[in-house]
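Chain identifiers are assigned alphabetically (A, B, ...) following the order of the sequence lines, protein sequences preceding nucleic acid strands; residue numbering begins at 1 within each chain.
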Amino acid sequence: MFDVLIIGSGIIGTTIARELSKYNANILVLEKENDVSCGTTKANSGIVHAGFDAVPGTLKAKFNVLGAKMFPELAKELEFPYKKNGAFVLSFTKEGLSNLEKLLERGKTNGVENLSIITGDEVRSIEPNVSTEVEYALYAKDSGIVSPYEMCIAFAENAVTNGVKFEFLKKVTNIIKNNDYLTVECEDGSKYDSKVVINCAGVYSDEINNYVSKEKYKITARKGEYCLLDKEFSYITKTTLFQLPTKMGKGILVAPSTHSNILVGPTALDIQDKDDTDTSYFGLKEAWDKALLTVPTLPKGGIITQFSGLRPHLDTDDYVIEFSKDVKGLYNCIGIESPGLASSPAIAIYVANEIKDYLNLSKKDNFISHRYAIKAIRNMNDAELIAAINENKDYGHVVCRCEVVSEAEIREAIRRNPGAKDLDGVKRRVRAGMGRCQMGFCTPKIMQILHEELNIPLEEITKKGDGSNLLEGRIKE
Amino acid sequence: MEKYNLVIVGGGPAGLAAAISAYDKGERNMIILEREPKLGGILNQCIHNGFGLHTFNEELTGPEYAQRYIDEVKKRNIKYLLNTTVINVSDKKEIKALSEDGLLNIEAKAIILSCGCRERPRGGINIAGARCAGIYSAGTAQKLVNIEGYMPGKEVVILGSGDIGLIMARRMIFEGAKVKAVVELMPYSSGLNRNIVQCLNDFNIPLMFSHTVVDIKGKKRVESVVIAEVDERLNPKMETCQEIKCDTLLLSVGLLPENELARGASVDLSRITRGAIVDDQLMTSIPGIFECGNVLHVHDLVDYVSEEAKEAGEKAYEYIYSSKDESYEKTLIKTENGVRYTVPELIIKNDDYNPLTLKLRVGNVYKKVKLEVSCDGDVIYSRMRPVVAPGEMEKIDLKSEQVEKLRKATEIKVYLRSQE
């Protein structure tokens, strides 16, 4: 019997897991994929929104503003990439000024600090590549960027350090009510009993709830497509560039990533298939064409990859974060879409508090709050490089030339818990393959390391889990 | 800080030839830094033949061609380090390299960058669709098959008719795979004609010009690709979509010089070749930093890489031992009417009238044209070409008297003149 069973290991599941690991409790996280951060968390804009966009009084507004303020501290404690880079909301017309003023007011009501309205010329004095068509902008100095999957991995690792158990490839297919506990059934036949079940299943959080509760929810998967530019073009902007939402829909952003790539997107299209993260010809074209309004000189030749992610959207346009009204022990986190990433640390504290009271949990006195990131050679100075290679010669072997990632980092990414099990898992942890050649050179090398570390045949190495095998078999002898 | 007169970054065909020629000129204080566990660069995975026809008058495989140069390097006892990755080059000609032995900081009098090129990835041409397994650049597939001994798939579509794509079409057939089509965006191939004949025609593999991949389908692994014809502006005509079942998509959609080290050293780069802008000494905008081979501009024959690298080795030697400090004025070669670029791009205004070769590529297929060079309006070189194509590098060999005019000119143009 577990005290707490968390379904889903995206940013909501892992932040809650880590927060609850501060208490004496037996905690299990079930994940349907083979790694954490495989859904909405891995494919989004990575923006820590300041909180001026959400409607005052909503949970989105409350948790966004609270959560965003926690990032600087958390990024230090758990060593994940975060930067307060500021954001502009750009208006391309003089008439847009009144809408910017409304956003400013909304921000103030929500408790956002350091907001101001500046002219187009002032915008361009900070970001010279912004279009001359821009008349005014709302400047949110406290807006930030984060590497969402690295953040999620950091929380997961720290949760494991503090006793949380993760089980992967566990797709939940049913939840059964018992007197004072719930039984969670998985596709592979396994069953888990837990006093509390926290539903953090992202685009599938409606289905998880609907298995057992009479109060039904309906999540719409809203796809967003992105293009990513090489670091060479990091000069384009250091500040996040939003467009003022117009009748044409929510604008496309041009933003730096924490690793100095430039991100362009997302589009917004409601889709039926919740596993469909394909990009489309028209979606990518729309993202690009709209981004050109913001930065007319965006170099198309600078694109190194494209991706898409799904937002778990509820028609009520707000989060559901509460105990189920009819199922004792079921706690729902449903509809956590943007600004979900920024909200996540605050949601975690709120949820953990509710669970603590419900289960009457006591605080641990041996909670380990710090998590160390994998040492990256690209961030080391000469002395650190010498020391690192001295200690472990694998630091001297550069496997990914584009992002300058050593063999030692890749091996550690696989050995950690939860560790990388495939190419994409390695990529998210240490960036090998994230660069301009997109794994053109390092694919065979990383496969070899996975083969050695996981002790499985090369034919069984995958890109992203079962079925995504990279090799067909040996060549003719 | 270690000190060398000459540091050669990259021990592929360019670096090897440059080292040999610098040695033969008299340089003894030099080192080759190679990131892979052996010398030879990408040639090691090019096990097909056809290399060396110009240099050795015989057909060699890639590894055989490389071995001839490796043997020469070893015969001369030229120092080299393997498994050593240069991570930074500064404009002061300081080099930072990593190996399992530690960090290497080197100060050089001259540096030859000969670090080759990379393949343009899927993202570089914005192909939409699933992001599943089974999508490889042709060179990655070549490495998996030829070096690792594994097949990346058994039903293959190839996008792009670059030489590696063409070579891989045949290679996959040899290993028992089906190659369903080679799809090319342009109305012509960017590969060598001989490769189209020997690798596609001989195996009845359809080559579809003016087509591109508009969608990739498959959840975990490629299941099919959707291709469509493109219009004159290269936009796909969606009504022409057709789906081809396959488990693998290989991309051969262009090579890009790997100039991140040059960029770090503040070397001026060409927006067209994406290599350094060099003068007729193959020297970049940073005095003492030279480039040759595919890092400078993508070549179609390794023989030409070796030839260019030999020159770079000699020029670097001359630079190291020249006492003169003066900097000459340089004239930028203007390219017009179908000529995309020339290498070199800058001509030094001095009195060295030794013969000189200009290399260039054209932007389209042109028939019956004259390739011309003019200096201040006077045509100093004109040669009839029945056909020129983007896939084949053109060379202009200039004699001493032509070079003299070139060096004295204030305006130099290289262009195609139509004969129709």
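Ion pairing of B/E175 with A/R474 is absent here, as no side-chain N (NZ or NE/NH1/NH2) approaches a carboxylate O to less than 4.0 Å. In summary, A/D276 and B/K219 do not engage in a salt bridge, as defined by a charged side-chain N under 4.0 Å from a carboxylate O.
Only the side chain of B/R274 has a heavy atom closer than 4.5 Å to any heavy atom of chain A. The part of B/I216 that comes within reach of chain A is its backbone (N, CA, C, O), which places non-hydrogen atoms under 4.5 angstrom from that chain. Contacts between B/F174 and chain A at a heavy-atom distance below 4.5 Å involve the backbone alone (N, CA, C, O). Neither the backbone nor the side chain of A/C442 comes within less than 4.5 Å of any heavy atom in chain B. Neither the backbone nor the side chain of B/C115 comes within less than 4.5 Å of any heavy atom of chain A. Using a 4.5 Å cut-off between heavy atoms, A/D382 touches chain B through backbone and side chain atoms alike. Proximity to chain B (any heavy atom under 4.5 Å) is restricted, for A/K445, to the side chain, taken from C-beta onward. When heavy atoms are compared at a cutoff of 4.5 Å, B/E36 approaches chain A solely by way of its side chain, counted from C-beta outward. Heavy atoms of B/R120 lying under 4.5 Å from chain A are absent altogether. The contact between B/I127 and chain A is made entirely by backbone atoms, counting heavy-atom distances below 4.5 Å. Contacts of B/I87 with chain A are made by side-chain atoms alone, with heavy-atom separations under 4.5 Å and no backbone atom involved. Heavy atoms of B/R131 lying under 4.5 Å from chain A belong to its backbone as well as its side chain. Contacts of B/E260 with chain A are made by side-chain atoms alone, with heavy-atom separations under 4.5 Å and no backbone atom involved. Contact of A/I303 with chain B is made through backbone and side chain together, with heavy-atom distances under 4.5 Å.
Side-chain contact between A/S468 and B/R221: absent, with no pair of heavy atoms (C-beta onward) separated by less than 4.5 Å. Counting only heavy atoms from C-beta outward, the side chains of B/Y150 and A/L458 approach each other to under 4.5 Å.
Counting all heavy atoms, side chain and backbone alike, B/S137 lies closest to A/G440 at OG-CA, 4.2 Å. A pairwise comparison of heavy atoms in B/A133 and A/N469 identifies CB-O, 3.8 Å as the closest pair.
A cation-pi arrangement is absent between B/R118 and A/F441, since the terminal nitrogen or guanidinium carbon is not both under 6.0 Å from the aromatic centre and inside a 45° cone about the axis.
Here the NZ atom belonging to A/K393 is positioned 10.0 Å from the CG atom belonging to B/N83, to the nearest 0.5 angstrom.
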Please list every donor-acceptor pair under 3.5 Å in which a side-chain atom of residues 395-402 of chain A meets a protein atom from a residue at least two apart or in another chain.
from   : atom 1 : to     : atom 2 : distance (Å)
A/H397 : ND1    : A/E407 : OE1    : 2.5
A/R401 : NH1    : B/E258 : OE1    : 2.8

